[in-house]
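Everything quoted here is computed from the prediction, not taken from an experiment. Only heavy atoms go into these numbers, but all of them, side chains included; no hydrogens, no water, no symmetry mates.
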Amino acid sequence: MKSRAKWLLAAVAMTGMAGAVYAQTTSNSGTPAAAPTATPEPGAGHWHHRHHGGVMMQMLHQLNLTAGQKQRVHAILANARTQAQAQRSTAGAPNFAALANPGDPNHTAALQDLQGRMAARIQARDQIQTQIYGVLTPDQKSQLASLIAARQARMAQRSAAG
């Protein structure tokens, strides 16, 4: 009986995860597949930088940006969010049923569509990072390179230890 309950719990959890993935890709709430959320919420003391530039966005907090630089970064991210929302609303949801079934006649087309979407997301993310990089001073650019190198060294050390 305990084994049956565990299987049922696992099935419910997997169904919930699949629903969450679907909701993320189809919602307009600024979730991972959606456009980046850049502007801070009223009263928030930090930027909401999930899903927009990963490491670079995390490192921006350590670069002591001026108020003007922060304003420019927020404008870049707000513009990116608007563009991503427009793209998401016109593109519709991926064909998850065809993606999950290699025997589906639409599987290849659905896979190509998803690959195109992912390539576009990578390109958009790179454009955002390039624009933000242009806001930085030469000293901040140098500091960013040092921060990223230090992070890579920590990650290499962790992977070697574990």
Practice task
Would you please test L99 and D104 for side chain to side chain contact (heavy atoms under 4.5 Å, CB included) and show each step?
Solution key: CA-CA 8 Å; L99 286 168; D104 188 306; over 6 Å; no
Completion exercise
In short, side chain to side chain donor-acceptor pair (under 3.5 Å) pairs touching residues 131-140 with sequence neighbours left out are Q69-Q140, T137-Q140
Handout entry: Interatomic distance, N95 atom CG to N106 atom CG [nearest 0.5 angstrom]
Key = 6.0 Å
Handout entry: Side chain proximity check, V73 to K70, heavy atoms < 4.5 angstrom
Key = no
Under 3.5 Å, which donor-acceptor pairs do the side chains of residues 142-157 form with other protein atoms, sequence neighbours left out?
| from | atom 1 | to | atom 2 | distance (Å) |
| --- | --- | --- | --- | --- |
| Q143 | NE2 | Q62 | O | 3.2 |
| S146 | OG | S142 | O | 3.2 |

Completion exercise
Here the gap from H107 atom NE2 to N101 atom CG, rounded to the nearest 0.5 Å, amounts to 8.0 Å
Problem - Verdict with supporting geometry, L77 and H74, side chain to side chain contact (heavy atoms under 4.5 Å, CB included) - result: CA-CA 5 Å; L77 295 174; H74 285 285; 5.5 Å; no
Completion exercise
CD of Q123 to OG1 of T130, rounded to nearest 0.5 Å, is 10.5 Å
Handout entry: Value rounded to 0.5 Å, distance of CD in Q85 from OG1 in T90
Key = 12.0 Å
Practice task
Please list, chain by chain and in numerical order, all residues satisfying side-chain contact (heavy atoms from CB on, under 4.5 Å) with Q112, sequence neighbours excluded.
Solution key: T108, Q115
Handout entry: Interatomic spacing from CG in L63 to NZ in K141 - rounded to 0.5 Å
Key = 12.0 Å
Handout entry: Atom pair CZ (R88) and CD (Q83), whose distance is rounded to the nearest 0.5 Å
Key = 12.5 Å
Problem - Validation row: L136, L65 side chains within 4.5 angstrom (heavy atoms) - result: yes
